[in-house]
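Structure first, commentary second.
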Amino acid sequence: MTRWQAGLALALAHAALLGLLGAKLLADRATLPRGWARTLPYDPDLPIRGRYVRLRLEVPLESGPASVPAASHAVRLVVRDERVVAVPDDGAGTTVRIEPGPDGLRAALSEPVAYFIPEHVPDPSIRPAGEELWAEVTVPRRGGPRPIRLGVRKAGTLSPLRVR
């Protein structure tokens with residue numbers, strides 16, 4: 001095999017792997033439950049990885065510890081009425097910290113998620129007073145949620161953002 005044939009074979013293998021990953025993510029997006037979660041953004045830029053908004057998802061607790069704020073707990077994320085909710089789970093679920101919120105206790109995911117944004121789009125995490133940044137995510141059986149799109153909640157109405 002010549003050098004250019006080996007290079008072509010390697011390029012085709014990389015393209016096949018990338019295509020399989022893309023197909024899996026599209027299949028997950030079509031089949032897995034998806035819902036909205038309130039976010040607290042931070043760290044919008046990292047030169048090595050590109051431009052993105054890092055999001056810490058905050059979800060309400062369906063039931064569970066009524067006290068012990070700031071303690072870590074294992075939960076399972078589920079979607080109820082198009083909203084991501086944390087349900088206590090003793091298994092190896094997602095780890096959250098219980099924190100006081102404006103309407104009771106809430107669970108803040110320990111691991112943030114990244115939503116990549118194009119270079120020409122202004123940072124969507126910078127919101128005026130009275131607006132909250134939300135993310136629509138898919139909720140896989142294992143692993144953390146995957147962001148699909150961002151939205152803004154203002155005066156009780158959630159509207160998707162156009163960031164592409």
Side-chain angles (χ1 to χ4, degrees), residues 1-59 72-99 106-128 131-153 158-164:
M1 181 181 288
T2 64
R3 285 187 82 160
W4 72 269
Q5 288 173 324
L8 181 62
L10 182 61
L12 289 173
H14 284 176
L17 285 173
L18 187 60
L20 286 172
L21 177 61
K24 182 205 180 316
L25 292 175
L26 286 173
D28 284 354
R29 189 175 284 187
T31 59
L32 291 175
R34 61 199 296 180
W36 290 92
R38 184 173 179 267
T39 68
L40 286 177
Y42 61 97
D43 191 22
D45 199 7
L46 181 64
I48 296 172
R49 292 177 59 190
R51 191 154 181 255
Y52 68 99
V53 178
R54 246 175 122 176
L55 306 169
R56 192 176 107 193
L57 301 180
E58 295 183 342
V59 297
S72 293
H73 297 279
V75 297
R76 181 173 38 93
L77 299 177
V78 297
V79 177
R80 305 256 196 266
D81 298 324
E82 296 184 8
R83 185 108 190 258
V84 179
V85 176
V87 176
D89 184 18
D90 290 334
T94 304
T95 304
V96 297
R97 292 179 54 85
I98 307 301
E99 299 176 349
R106 63 183 175 203
L109 271 63
S110 299
E111 290 295 320
V113 297
Y115 184 84
F116 289 87
I117 54 178
E119 289 294 326
H120 65 279
V121 173
D123 184 357
S125 66
I126 300 172
R127 308 291 343 142
E131 290 186 0
E132 296 176 336
L133 185 66
W134 287 60
E136 185 178 22
V137 297
T138 56
V139 182
R141 289 172 203 82
R142 285 183 286 175
R146 298 183 197 121
I148 299 171
R149 62 182 172 164
L150 299 178
V152 172
R153 185 173 179 181
L158 186 59
S159 305
L161 283 176
R162 296 178 59 92
V163 293
R164 297 283 174 208

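To the nearest 0.5 angstrom, L133 atom CG is 11.0 Å from I126 atom CD1. With rounding to the nearest 0.5 angstrom, the CG atom of L55 is 6.0 Å from the CG atom of L150. To the nearest 0.5 Å, the span separating CZ on R54 from CD on E111 amounts to 8.0 Å. Atom CD of E58 sits about 8.0 Å away from atom OG1 of T39, to the nearest 0.5 Å. Expressed to the nearest 0.5 Å, how far CG of L158 lies from CZ of R83 amounts to 9.5 Å.
Here the side chain of S110 pairs a donor or acceptor atom with the backbone of T95 at under 3.5 angstrom. Side chain of D123 to main chain of S125: a donor-acceptor pair is present (N/O by atom type, distance under 3.5 Å, no hydrogens or angles).
With sequence neighbours left out, the side-chain contact (heavy atoms from CB on, under 4.5 Å) criterion links R80 to E62, V78, V85, V87. Residues forming a salt bridge (Lys or Arg N to Asp or Glu O under 4.0 Å) with R76 (at least two apart in sequence, or on another chain): none.
Here the side chains of L77 and L109 are in contact, with some heavy-atom distance below 4.5 Å.
The two residues V137 and P147 have their closest heavy-atom pair at CG1-CA, 3.7 Å. Minimum heavy-atom separation, P145 to L57: CG-CD1, 3.5 Å.
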Which donor-acceptor pairs under 3.5 Å do side chains of residues 26-36 form with protein atoms, sequence neighbours excluded?
from, atom 1, to, atom 2, distance (Å)
D28, OD2, K24, NZ, 2.6
D28, OD2, R146, NH1, 2.7
T31, OG1, A27, O, 2.8
R34, NE, E136, OE2, 3.1

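Annotation for E82: atom CD does not count as buried by contact number, only 12 or fewer foreign heavy atoms lying within 6.0 Å.
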